[in-house]
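Take a look at the structure below.
If you're wondering where the values come from, they're calculated on a predicted model, not measured in any experiment. For reference, positions follow the sequence shown, starting with 1.
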Amino acid sequence: FFNSRTQNEGHPKWFVLGVGQVIKGLDIAMMNMCPGEKRKVIIPPSLAYGQQGYAQGKIPPNATLIFEIELYAVNKGPRSVEAFNRIDKDSDKKLSELEISQYLKEEFARDGKKRHPSVHDEILADIFKKNDHDGDGFISAKEYNVYQHDEL
């Protein structure tokens, strides 16, 4: 998972590592990171946006990118059926704010790092902002983007 302070109004950015959701340089740079670890990485154009650049000039052609990364959490198969079912404590096939909040608390307790309470609230808000597409206050299996819907 990647936190970009320049994007998403400072909210963490969640993604699956190694499947092309981010530039190749970030996939490589974040390999073997541990929760709580911070890295400063320099990514050459060949592992970023190359000769094309990105977003109508926001990142010019042949730009070298510099990121300061803090990894909040790592989960095996964050979009897997198993992960969904582990979070879905009442087995109603949708994730409530309370279920996801509890899951985050458990994950934070597991790594033992001290965090300001606002971090939990920011991550929870970000998860719903990005995943509760119909605005019903729940994240369905479809919204969670589980690849094997038929197993739910």
Side-chain angles (χ1 to χ4, degrees), residues 1-84 86-87 94-108 110-111 113-149:
F1 303 101
F2 167 67
N3 176 20
S4 172
R5 293 281 174 208
T6 58
Q7 293 179 341
N8 307 319
E9 295 122 27
H11 294 288
K13 180 177 181 184
W14 298 89
F15 63 87
V16 178
L17 190 63
V19 298
Q21 290 186 345
V22 293
I23 58 173
K24 188 168 184 76
L26 283 176
D27 272 339
I28 294 168
M30 295 183 71
M31 289 282 212
N32 302 318
M33 279 186 79
C34 299
E37 183 179 346
K38 295 178 183 180
R39 288 184 182 173
K40 184 174 182 178
V41 297
I42 300 170
I43 301 176
S46 62
L47 296 174
Y49 298 104
Q51 295 178 352
Q52 304 90 299
Y54 180 73
Q56 300 174 337
K58 287 187 180 179
I59 299 176
N62 299 312
T64 296
L65 305 180
I66 300 171
F67 289 92
E68 290 184 10
I69 301 166
E70 178 179 359
L71 186 67
Y72 287 129
V74 175
N75 295 301
K76 181 181 176 196
R79 298 295 183 168
S80 70
V81 173
E82 294 79 16
F84 184 93
R86 194 169 56 248
I87 299 168
K94 59 186 179 182
L95 306 179
S96 69
E97 190 171 315
L98 181 63
E99 286 171 322
I100 294 176
S101 178
Q102 184 61 37
Y103 174 75
L104 289 173
K105 286 177 187 173
E106 290 168 7
E107 288 297 307
F108 288 167
R110 187 182 333 240
D111 74 18
K113 302 222 183 290
K114 296 235 182 230
R115 292 179 177 85
H116 191 275
S118 67
V119 171
H120 174 274
D121 296 339
E122 288 172 7
I123 292 172
L124 186 61
D126 189 62
I127 289 169
F128 274 87
K129 177 181 172 185
K130 291 183 178 161
N131 295 281
D132 184 15
H133 304 296
D134 62 9
D136 69 351
F138 294 92
I139 297 172
S140 68
K142 183 177 181 182
E143 289 170 322
Y144 187 78
N145 200 20
V146 171
Y147 299 117
Q148 302 169 2
H149 298 286

Inset, instruction - Return the set of residues passing salt bridge (Lys or Arg N to Asp or Glu O under 4.0 Å) with E37 (not counting sequence neighbours), or none when no residue passes. - result: R39
Legend entry - CD1 on I123 to OH on Y103, rounded to 0.5 Å: 11.5 Å
Inset, instruction - Kindly compute the distance separating CD (E143) from CG (L95), expressed to the nearest 0.5 Å. - result: 9.5 Å
Inset, instruction - Please identify each residue that fulfils side-chain hydrogen bond (donor to acceptor under 3.5 Å, both in side chains) with H133, with sequence neighbours left out. - result: none
Legend entry - Side chain proximity check, I69 to L26, heavy atoms < 4.5 angstrom: yes
Legend entry - Minimum heavy-atom distance between Q51 and N62, given as atom pair plus value: CG-OD1, 3.5 Å
Legend entry - Nearest-0.5 Å distance, NZ of residue K129 to CD of residue E122: 11.5 Å
Legend entry - For I42, side-chain contact (heavy atoms from CB on, under 4.5 Å) partners two or more places apart: T64, I66
Legend entry - Set of ring pair (Phe, Tyr, Trp, His ring centres under 6.0 Å) partners for F108, sequence neighbours left out: none
Legend entry - Side-chain touch F128/I100, heavy atoms, less than 4.5 angstrom: yes
Legend entry - Qualifying residues under side-chain contact (heavy atoms from CB on, under 4.5 Å), relative to P61, sequence neighbours excluded: none
Legend entry - Partner residues of A48 under the side-chain contact (heavy atoms from CB on, under 4.5 Å) criterion, sequence neighbours left out: I23, I43, L65
Inset, instruction - Kindly write out the residues that satisfy side-chain contact (heavy atoms from CB on, under 4.5 Å) with F138, not counting sequence neighbours, or none if the list is empty. - result: K94, S96, D136
Legend entry - Gap separating the CG atom of D132 from the CD1 atom of I139, nearest 0.5 angstrom: 6.0 Å
Inset, instruction - Applying side-chain hydrogen bond (donor to acceptor under 3.5 Å, both in side chains), name anything that partners S101, two or more places apart in sequence or on another chain. - result: H120
Inset, instruction - Would you name the heavy atoms of P35 and Y72 that are closest together and state the gap between them? - result: CB-O, 3.7 Å
Legend entry - Separation of M30 CE from L71 CG (nearest 0.5 Å): 5.0 Å
Inset, instruction - Quick one: pull up NZ in K40 and CD in E68 and give me the separation to the nearest 0.5 Å. - result: 5.5 Å
